[in-house]
> 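Handing you a structure now.
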Amino acid sequence: MTPREGTPQEHTAHVDPLGALRAPDDPDCDVYLTGTVFLDIIFTGLDSAPVRGTESWARGMGSSPGGIANMASALARLGLRTSLAAAFGDDHYGEYCWDALEQGEGIDLSGSRTVPGWHSPVTVSMAYEGERTMVSHGHEAPPPEGALPECPPRARAAVAALTPGRSDGWIARAARHGARVFADVGWDDTGRWDLAGLPDLAYCEAFLPNAEEAMRYTRTECPRAAARALAELVPLVVVTLGAEGAYAVDSATGATAEVPAIDVEALDPTGAGDVFVAGFVTGTLAGWPLADRLAFSGLTAALSVQEFGGSLSAPGWAEVAAWWNYVQSSADQDPAALRRYAFLAGLLPAPTRPWPLRRAVPTIGFGRSA
C-alpha cells in the first residue's frame, strides 16, 4: 500500500448529511470534542504477538494522528463540521498531526493550542490475529497560563469520554448551551463500576458503552437488560455487542432496535469504536430512524477495521458508496440482508472508484515530497 495513494479529502465525497437542516442561525459547529491527540504508529501483518527476545517484521505500517483525533476524523469524513480542542507539541510529530487534521481533514482547530517544549504523546500499535497490542508514552500537557475555564463553542452535539470518578466541567457547559452530548466510557480501573462515579452522565442524551461495561455498571448478566436499565438514567442507550452487532433503547420514544454486525476480515480494529460513535452521531443529528442509525454505525465500523489505524481507517461517503455499489451486484450477498441498508440509496454519491478501495496511508517521512 503506497503512502501517497489518494488524499484524505476524498473521503467526504461532498456529502452533507445535515444539508436539509442547515439555517443562518446554526451553531458554530456540528460537533465539538476535546481530548489528547497522539501520534499513532501502526504495524500490521504480524503473524503473532511479538515474542520476548526476538525481532518481528510487520508487512504493513502507517502513521497518523490518534487518540481523540480518531473520533474527530471519523466525524469530519462523514461531512460533519467538527471542532477539536486539544494540545499539540511543537515537535515534528505535533506539526504533522496539526496539519493532517486541519488541512487534510478540514477540522476546526481554532480551540486548540501549540505547547512550546512539550513533546507529542506517541502510541505504537501492533495488530495481529484480529487483536491489537499498544504501547504509549506521553506527559500531560501543562495548562495554558492565565486561561479561563474552558468554554466550548455552540454546537449541535458534543462527544465526551467519561472517566470514572471524574467530572469534566466542559460537558455541563456544552449541554447548557444546547449541545446534545453523546458519551462513551473507558474501563473502570478502580473495579467499583459505580454509576454514581459518572456524574456527567446526567448531562448526556446518549450513552454508548460496550456490552461488558454496560453489564458491570448495571450488575446484570445480559447486555440487553443492561441497556434497558441504563435507559432509566439516559434518554438513549446503545450497547455494542461485538460480533453480534448493537442493541439500542430510546426511552423517550420507547423504541428499541437491534442490528447484526457485518462479517468482515479485520486488518486492524484500532478506532472502530470511535467510528461507530461517529456514525451514530451523524444519523442522530440527521434525524434517521433508530435502526438505520445502528445499521450505519455498524457498517462504518466494519469498513474501518479493514484498514490501517484509527484516523487513517475512518471511512467517508466515498467508501460507503463504493461498498454499497459492490454488494448490490455481488452474488454472495443475501438480498434480505441488503434490504437493511436500502435507506442508503438516497444518501450516497455516485461511486467514483471500484471496490475494494485502497485508502491513503500517510506517513511523516513523505510529507516533504508531497
Side-chain angles (χ1 to χ4, degrees), residues 8-34 68-85 101-102 104-111 152-160 174-184 204-206 208 235-236 238 248 250 252-253 255 257 274-301 303-304 311 314-321 323-324 341-351:
Q9 290 92 334
E10 291 175 349
H11 295 270
T12 61
H14 308 293
V15 172
D16 183 356
L18 307 184
L21 304 175
R22 299 205 181 277
D25 60 346
D26 275 349
D28 302 328
C29 60
D30 293 328
V31 187
Y32 169 82
L33 62 168
T34 184
I68 193 62
N70 294 340
M71 179 74 72
S73 297
L75 292 163
R77 290 184 179 186
L78 292 177
L80 297 186
R81 299 171 183 174
T82 303
S83 178
L84 171 63
L101 295 173
E102 185 178 59
E105 305 291 354
I107 294 168
D108 172 28
L109 297 181
S110 60
R154 287 181 61 237
R156 296 177 190 268
V159 179
R176 283 195 293 268
H177 283 86
R180 305 167 68 178
V181 181
F182 296 73
D184 60 11
C204 297
E205 175 178 322
L208 298 94
L236 181 56
V238 179
D250 186 338
T253 65
D274 295 320
V275 171
F276 182 95
V277 173
F280 192 79
V281 171
T282 301
T284 301
L285 294 183
W288 300 351
L290 185 58
D292 290 354
R293 285 180 263 167
L294 281 190
F296 184 71
S297 303
L299 168 61
T300 53
L303 295 180
S304 78
S311 62
W317 293 101
E319 282 82 8
V320 178
W323 173 84
W324 180 240
Y341 300 92
F343 70 95
L344 292 172
L347 298 168
L348 298 178

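What you see is a predicted model; the values in this text were computed from it and never measured.
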> In plain terms, say whether Asp26 and Arg156 are close enough for a salt bridge, that is, a side-chain N and a carboxylate O under 4.0 Å apart.
yes

> Looking at every non-hydrogen atom in both residues, tell me the closest pair between Ala72 and Leu84 and how far apart they are.
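Scanning both residues completely, I find the closest heavy atoms to be CB-CD2, 4.3 Å.
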
> Identify the two heavy atoms, one from Gly111 and one from Ala85, that lie closest to each other, and give their separation to 0.1 Å.
O-CB, 3.6 Å

> My understanding is that only one of Thr282, Thr284, Val277 makes a side-chain contact (heavy atoms from CB on, under 4.5 Å) with Phe280; could you say which?
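It is Thr284, the one option of Thr282, Thr284, Val277 that forms the side-chain contact (heavy atoms from CB on, under 4.5 Å) with Phe280.
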
> Rounded to the nearest 0.5 Å, what separates atom CG in Asp30 from atom CG in Leu285?
7.0 Å

> Mind checking the CH2-CG spacing from Trp323 to Leu303? Nearest 0.5 Å is all I need.
7.5 Å

> When you measure from the side chain of Thr300 to the backbone of Ser297, do you find a donor-acceptor pair of N or O atoms at a distance under 3.5 Å?
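Here the side-chain-to-backbone pair exists.
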
> Quick one: closest heavy-atom pair of Thr82 and Ala76, and the distance?
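Closest approach of Thr82 to Ala76: OG1-N, 3.5 Å.
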
> How close do Ala301 and Val275 get, counting heavy atoms only, and between which atoms?
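Closest approach of Ala301 to Val275: N-CG1, 3.7 Å.
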
> Just verifying a value: how many Å separate Leu75 CG and Asp274 CG, rounded to the nearest 0.5 Å?
9.0 Å

> Which heavy atom of Cys204 sits nearest to which heavy atom of Pro235, and what is that distance?
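That would be O-CD, 3.5 Å.
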
> Go through Trp288 and Leu347 one step at a time and tell me if the side chain to side chain contact (heavy atoms under 4.5 Å, CB included) criterion holds.
CA-CA 11 Å; Trp288 300 351; Leu347 298 168; 3.5 Å; yes

> Measuring from atom CZ of Arg77 to atom CD1 of Ile107, what distance do you get when rounded to the nearest 0.5 angstrom?
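Here the rounded value is 8.5 Å.
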
> Given 3.5 Å as the limit, does a donor-acceptor pair link the side chain of Ser110 with the main chain of Asp108, or not?
no

> Only one of Val281, Leu236, Val238 forms a side-chain contact (heavy atoms from CB on, under 4.5 Å) with Arg293, so which one is it?
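Single pass found, and it is Leu236.
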
> Answer yes if the ring centres of Phe296 and Trp317 are under 6.0 angstrom apart, and no otherwise.
yes

> Charged N to carboxylate O under 4.0 angstrom, Asp16 versus Arg22?
yes

> If you take all heavy atoms of Leu80 and Pro17, which pair is closest and at what distance?
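Of all heavy-atom pairs spanning Leu80 and Pro17, the closest is CD2-CG, 3.9 Å.
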
> Say you draw a straight line from CG of Leu33 to CD1 of Ile68; how long is it, rounded to the nearest 0.5 Å?
4.5 Å

> Supply the atom-to-atom distance Asp250 CG to Leu290 CG, rounded to the nearest 0.5 angstrom.
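Separation between the atoms: 6.0 Å.
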
